[in-house]
There are 2 protein chains.
Amino acid sequence: MQNLSKNQQIIFDLIDKSPEPLKAYSILFNVQKRGIKAPLQVYRALDKLVEIGKIHKIESRNAFIACQNSSCQISKATAFSICESCEKVTEINNSNLSKYLTSFKDKNGMKYNKYNLEFFGLCKKCVSKKS
Amino acid sequence: MQNLSKNQQIIFDLIDKSPEPLKAYSILFNVQKRGIKAPLQVYRALDKLVEIGKIHKIESRNAFIACQNSSCQISKATAFSICESCEKVTEINNSNLSKYLTSFKDKNGMKYNKYNLEFFGLCKKCVSKKS
DNA sequence: GTTAAATTGTTATAATATAACATTTTGTAA
DNA sequence: TTACAAAATGTTATATTATAACAATTTAAC
């Protein structure tokens, strides 16, 4: 488990302490006081952090969250629940699910080495608000 | 099953006959000769086509493909296989998988009404090329 | 210490997507 | 068959997300 570079650490810390997924330009705005001035500096750090599995990209939202799993390695099997009302995102850590999907084989004979799953719905709070 | 409007039909036809996912501005370029001149015209048609389930958005690619299922309704349960080499995308239509995911409940008690799953790997052709 | 790899800094620009507002077309119900 | 609402269209401008290209600096490994 390698150490993070300066920019990577700054950006990871910000994402890690955020209760919600952060977007690249929101990150940029928040780290400008720490010397990171350009979008590319943010995107490069994000790319690296995704690559080493410290963060995940929520594809449907173009936003990033810190990995919730203690064994934070290269992420080949990711699943998230997303509340369509409050936009809260939670990483799903369910071994039954990951076993099922990791071993899933479709009839096309393709060999999968990675997947990303996003569930959408209403979280408990938002369900009760609407009732 | 409602009829499509003029712009929706033009854009659906283009996507439907494409062997690969199409991006919004590639669509725009291709339909300009048919009178669709502005990005917003494309995005509005895409939004509607996604909403009624005629096409799907491949989130990791920002691209759109026609629904492969004959029962082309509002799409609450989508799964795709994506070749990371040739970028071929195929919709997965596997009842075991969709049953498993539709009935999936996580410990957070959230009620899901939709999911999107993207598998990544190498398709048969690309596997044999690399061997 | 030298060197290769990784990271950083910087400017510019490409690619993706929506806001705002006016107009036209379509469906439907009196 | 008209009138009304909903949907779709047209248009300009702009917001948001992401990468290209190139130079300099830092880090890690030998």
Practice prompt. Ignoring hydrogens and angles, answer whether the base of C:dA17 and the side-chain atoms of B:Y25 contain a donor-acceptor pair closer than 3.5 Å.
Written response: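 Yes.
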
Worksheet item: Using 4.0 Å as the upper bound for N to carboxylate O, is an ion pair formed by A:E20 and A:K88?
Response: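 No.
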
Worksheet item: Between A:R61 and A:E118, does at least one N-O distance fall below 4.0 Å, as a salt bridge requires?
Response: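 Judged by the 4.0 Å cut-off on N to carboxylate O distance, A:R61 and A:E118 do not form a salt bridge.
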
Roughly how many Å is it from [atom1] in [X] to [atom2] in [N], rounded to a whole number?
X: A:E59; N: C:dT16; atom1: CD; atom2: C1'; value: 14 Å
X: B:D47; N: C:dA19; atom1: CG; atom2: C1'; value: 14 Å
X: A:R61; N: C:dA17; atom1: CZ; atom2: P; value: 13 Å
X: B:Q9; N: D:dT9; atom1: CD; atom2: P; value: 11 Å
X: B:I52; N: D:dA7; atom1: CD1; atom2: P; value: 13 Å
X: A:L22; N: D:dT16; atom1: CG; atom2: P; value: 16 Å
X: A:Q8; N: D:dT26; atom1: CD; atom2: C1'; value: 13 Å
X: B:Y43; N: D:dT17; atom1: OH; atom2: P; value: 12 Å

Worksheet item: Got B:E84 and A:N113 here, is their nearest side-chain heavy-atom distance under 4.5 Å?
Response: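 Yes. Closest side-chain heavy atoms under 4.5 Å.
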
Residue-phosphate contact under 4.0 Å: [X] side-chain N/O, [N] OP1/OP2:
X: A:S5; N: C:dT8; value: yes
X: B:N7; N: D:dG10; value: yes
X: B:K48; N: D:dA7; value: no
X: B:K23; N: C:dA14; value: no

Item to complete: Could you tell me whether the side chain of B:Q9 and the main chain of B:K6 form a donor-acceptor pair under 3.5 Å?
Response: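 Side chain of B:Q9 to backbone of B:K6, a donor-acceptor pair under 3.5 Å: no, none is there.
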
Worksheet item: Going by distance alone, is a donor N or O of one side chain under 3.5 Å from an acceptor N or O of the other, for A:Y25 and A:N30?
Response: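 The criterion, which ignores hydrogens and geometry beyond distance, is not satisfied for A:N30 and A:Y25.
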
Worksheet entry | Aromatic ring pairing A:Y112/A:F104, orientation class (parallel under 30°, perpendicular over 60°, tilted between) |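 The arrangement is parallel - the two ring planes meet at less than 30°.
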
Close N/O contacts between protein and nucleotides 10-12 of chain C (under 3.5 Å):
none

Item to complete: Using heavy atoms to find the nearest nucleotide of DNA chain D for B:N62 and B:K6 separately, return the residue whose nucleotide is more 5′.
Response: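 Nearest-nucleotide comparison on DNA chain D picks B:K6.
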
Worksheet item: What pairs with B:F12 under ring pair (Phe, Tyr, Trp, His ring centres under 6.0 Å), at least two apart in sequence or on another chain?
Response: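 Testing B:F12 for ring pair (Phe, Tyr, Trp, His ring centres under 6.0 Å), a comparison that skips the adjacent residues, returns none.
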
